[in-house]
Amino acid sequence: MTVFRAAVLQMRSGIDPAKNAEDFAALVEEAVAAGADFVQSPEMTNMVQRDRATLMRFIAGEGDDPVAIAASRLAKAHAIHIHVGSIAVALDDGEKVANRALVFGPDGLKRASYDKIHMFDVDLDGGESWRESRTYRPGDDATIVTIEPNGGTAQLGLAICYDMRFPHLFREESLQGAEILSAPAAFTRQTGEAHWHVLLRARAIENGAFVIAAAQGGTHEDGRETYGHSLIVDPWGKILAEKHGNEPGIAVADIDLSLVAASRAKIPNLANARVFRSGGREIVVSNAIGSDTSVGMARNTAKGAA
């Protein structure tokens, strides 16, 4: 059974992509020194910039982004997997931006990408308001990628931040074989204080899967406040590692995939899902792990998949 060491990078990304790439690289090196085979960075690793005009002026295409370039180089140099939680990526239409996760293999090649599906359009207490859909184009496809950390094999389901409030996405990825679920984030301070730990533990428990969630933390150059507290949670909901507080740094934990099978054997809720009726409609869900009933599920298994 696959066992490997995972690391979450807690960052306080600013408005300069080149500087953020340097900070990212330094934390990757720290994680490698701690024995990590798999490293995850937070949402918006390359730039936290709430001003749309400035963001559009400074972001690059995926192939030219300094964080993506650094991740590919570092993954190959250390023969590890690097999951860039997300970067802001310029799209060809010049109108919208992708909030895109990237996974690089030990050969430095991109294994998978995922564009955040659910846009953070909210009105919080104290006048804090966000309209992510004004700047970002939502993705359409859930994504699972095969990784091979420490000589083993694991199925990683991709998601980003606000996606964690939509449990059907995580359930579908789990039903399609994901053993590790991800939720790299730039969670606001006030929602993080209320919901961060409980949401991530719930996604782990209800799917019998590991959850890995690197986070932004602190007060950023653009004025926003993020919660930090990067987490790694096991399939029984136990917090294996936490970068407490909001300061940059790392947290590491050993991932033993035998715990996934053990948790799902004790509470086989994924296998026990049933069709039911609501308001005269029949609600159909996948009812077996690995079933082929879902729509819009991208699976990346080949080395160097684009």
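Each residue takes its place number in the sequence, starting with 1. Because the structure is a prediction, the values reported are computed rather than measured.
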Apart from Val3 itself, its cluster of hydrophobic side chains linked below 4.5 Å comprises none
Apply the hydrophobic cluster definition, ILVMFWY joined by side-chain contacts under 4.5 Å directly or through others, and give me every member besides Val198. none
Nearest 0.5 Å, what's the [atom1]-[atom2] distance between [X] and [Y]?
| X | Y | atom1 | atom2 | result |
| --- | --- | --- | --- | --- |
| Met44 | Arg224 | CE | CZ | 8.5 Å |
| Glu148 | Thr2 | CD | OG1 | 9.5 Å |
| Glu179 | Ser258 | CD | OG | 10.5 Å |
| Thr45 | Leu9 | OG1 | CG | 7.5 Å |
| Asp222 | Leu55 | CG | CG | 10.0 Å |
| Asp140 | Ile117 | CG | CD1 | 7.5 Å |

Side chains of [X] and [Y]: does their closest heavy-atom pair fall under 4.5 Å?
| X | Y | answer |
| --- | --- | --- |
| Met47 | Asp16 | no |
| Ile80 | Phe38 | no |
| Ile82 | Phe24 | yes |
| Lys96 | Thr135 | no |
| Arg100 | Ser86 | no |
| Trp236 | Ile205 | no |
| Val8 | Leu231 | no |
| Val97 | Ile59 | yes |

Between [Y] and [X], do the side chains contain a donor N or O and an acceptor N or O under 3.5 Å apart?
| X | Y | answer |
| --- | --- | --- |
| Asn20 | Asn46 | no |
| Tyr114 | Asp163 | yes |
| Glu225 | His220 | no |
| Ser182 | Gln40 | no |

Step through the shown structure and confirm whether more than 12 heavy atoms of other residues, nucleotides or ligands are within 6.0 Å of CZ on Arg165. yes
Quick one: list whatever passes side chain to side chain contact (heavy atoms under 4.5 Å, CB included) with [X], sequence neighbours left out.
| X | result |
| --- | --- |
| Ala186 | Glu43, Gln216, Thr226 |
| Asn150 | Phe4, Asp37 |
| Asp254 | Arg5 |
| Glu30 | Leu27, Ile250 |

List the residues meeting salt bridge (charged side-chain N to carboxylate O under 4.0 Å, His left out) with [X], not counting sequence neighbours, and say none if there are none.
| X | answer |
| --- | --- |
| Glu22 | none |
| Arg12 | Glu247 |
| Lys19 | Asp23 |

So the salt bridge (charged side-chain N to carboxylate O under 4.0 Å, His left out) pairs with at least one residue in residues 193-221 (sequence neighbours excluded) are Arg189-Glu193, Arg203-Glu206
Ring pair (Phe, Tyr, Trp, His ring centres under 6.0 Å) filter on Phe166, not counting sequence neighbours, yields His118, Tyr162
Checking His229 now: which residues fulfil ring pair (Phe, Tyr, Trp, His ring centres under 6.0 Å) with it, not counting sequence neighbours? His197, Tyr227
In the single-linkage hydrophobic clustering (I, L, V, M, F, W, Y; side-chain heavy atoms under 4.5 Å), do Leu156 and Leu240 co-cluster? yes
Per side chain to side chain contact (heavy atoms under 4.5 Å, CB included), His83 is matched among Leu158, Leu102, Val39 by Leu158
Walk me through it: do Glu132 and Lys116 pass the test salt bridge (Lys or Arg N to Asp or Glu O under 4.0 Å)? CA-CA 11 Å; Glu132 198 170 38; Lys116 185 178 182 179; 3.1 Å; yes
